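Below you'll find the structure, written out as structure tokens, and then a few comments.
No hydrogens, no waters, no symmetry mates; every other heavy atom, side chains included, goes into these values. Keep in mind that this is a model prediction, so the values were computed, not measured.
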Amino acid sequence: MGTREEEVVEIDSLEKSLLEQNERDVQVEEEEETALYAASFQEMEQNFVKYHTMQWVLYSLLLILAWGIGLLMLLYLPIRRFILRKDILSRTLYLTPTAIVYKVTRPVPFPCFGVLKKEKHVLLHSVADVVVEQGYLQSLYGVHSLRIENVGVRRPPSDDVKILGISDPNAFRKAVMMRLSNMRNEISSRHVSTVEDVPHLMMSPSKSLRYDTTPSGELLLLQKLEEVGSSVKRIQTLFEEQQSQTTESID
């Protein structure tokens, strides 16, 4: 009994050590996937909140004139500003060697009910372009929006990822485009290397054929050529006979 208990304890300890090792390996892999460039949102906190506040007030005034619902929206404005601050301060956007990662933790419309977490990974090989946009109201508060366009004409614009409130969107766009150009150069260099390797592979069997040529091999080639020529002559004669038959039927 004692030996069995000791064996069970040893197995448990081995399983725990293996699990710990796997967790360490996962952490190391995550650390290796380092960010090439990280965008910032904190500098645009005040402008971001002011922009959305002005937008909310305009909608509220229009709805007061229409149905009176805008009055409730104005009463909700302090909670709205609190949600906006938590939203922009929780945002993270960074570029990895293979993807663009965007994470945000946004409170629900009534913060007492918890938060909503959103994480988006956009693979770089599916990125067509990164567009920096700014509307009229955004220009008044110095806010920019970044839109990541997907590859493919058939996809609707709603599939594009749109992020608002980046402090320096042009720098992030430049980093993404540089990484895309590097990836394309790597792919083209690999393609060129494979194309250069093909003639070498083709030359090796041709050389062997040249060295293995014998009089008997040359005779076989001549016979095959004669057979091909005779078959071509037969086809020509058949074609001429068909043409003569068609002309006679027409006459």
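In this pair, F110 and Y76 present their aromatic rings perpendicular. The plane angle is above 60°, beyond the 30 to 60° band.
In this structure, CG on N185 lies 11.0 Å from CG on L180, to the nearest 0.5 angstrom. Going from atom CD1 of I83 over to atom CD1 of I88 covers 14.5 Å, rounded to the nearest 0.5 Å. For the atom pair F41 CZ and T92 OG1, the distance stands at 7.5 Å (nearest 0.5 Å). Here L77 contributes atom CG and W56 contributes atom CH2; the two are 8.0 Å apart, rounded to the nearest 0.5 Å. Taken to the nearest 0.5 Å, the OG1 atom of T98 stands 9.0 Å off from the CG atom of L95. Rounded to the nearest 0.5 Å, atoms CG (L84) and CG (L89) are 10.5 Å apart.
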Report all side-chain donor-acceptor pairs from residues 170-177 shorter than 3.5 Å, counting only partners two or more places apart or in another chain.
residue : atom : partner : partner atom : Å
R173    : NE   : V130    : O            : 2.4
R173    : NH2  : D129    : OD1          : 3.3

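With sequence neighbours excluded, the residues forming a side chain to side chain donor-acceptor pair (under 3.5 Å) with H121 are E119, listed by chain and number. Legend: residues meeting side chain to side chain contact (heavy atoms under 4.5 Å, CB included) with L63, ordered by chain and number and at least two apart, are W67, M73. Judged as a side chain to side chain contact (heavy atoms under 4.5 Å, CB included), and not counting sequence neighbours, the contacts of Q55 are Y51, H52, Y59, L137. A search for side chain to side chain donor-acceptor pair (under 3.5 Å) contacts involving R81 returns T53, not counting sequence neighbours. For H144, there are no ring pair (Phe, Tyr, Trp, His ring centres under 6.0 Å) partners at least two apart in sequence or on another chain. With sequence neighbours excluded, the residues forming a side chain to side chain donor-acceptor pair (under 3.5 Å) with E45 are R85, listed by chain and number. Residues passing the side chain to side chain contact (heavy atoms under 4.5 Å, CB included) test with L58, sequence neighbours excluded: M54. Taking E133 as the reference, R147, K162 meet the salt bridge (charged side-chain N to carboxylate O under 4.0 Å, His left out) condition, with sequence neighbours excluded.
Here the closest non-hydrogen pair linking I100 and L93 is CG2-CD1, 3.8 Å. The minimum heavy-atom distance between T96 and L124, with the atom names listed, is O-CD1, 3.8 Å. When every heavy atom of N150 is checked against every heavy atom of D160, the shortest pair comes out as N-OD1, 3.3 Å. Residues G165 and F48 approach most closely at CA-CD1, 4.2 Å, considering heavy atoms. Across T34 and P97, no two heavy atoms sit closer than the pair O-CD, 3.4 Å. Nearest heavy atom pair, residue H125 against residue V151, reads O-CG2, 4.0 Å.
Residues L36 and L123 do not share a hydrophobic cluster, clusters being chains of Ile/Leu/Val/Met/Phe/Trp/Tyr side chains in contact below 4.5 Å. Put simply, M178 and Y37 are part of two different groups of oily side chains (I, L, V, M, F, W, Y) that touch within less than 4.5 Å, one to the next. Under the 4.5 Å side-chain contact rule for hydrophobic residues, L62 and L71 do not share a cluster.
Considering only heavy atoms from C-beta on, M44 stays 4.5 Å or farther from I166 through its side chain. L146 is not listed as a side-chain neighbour of V131, based on a closest heavy-atom distance of 4.5 Å or more.
Panel note: side chain S167, backbone S40; a donor-acceptor pair is recorded below 3.5 Å.
Applying the side chain to side chain donor-acceptor pair (under 3.5 Å) test to pairs two or more places apart or on separate chains, those with a residue in residues 101-112 are D87-R106, R91-Y102.
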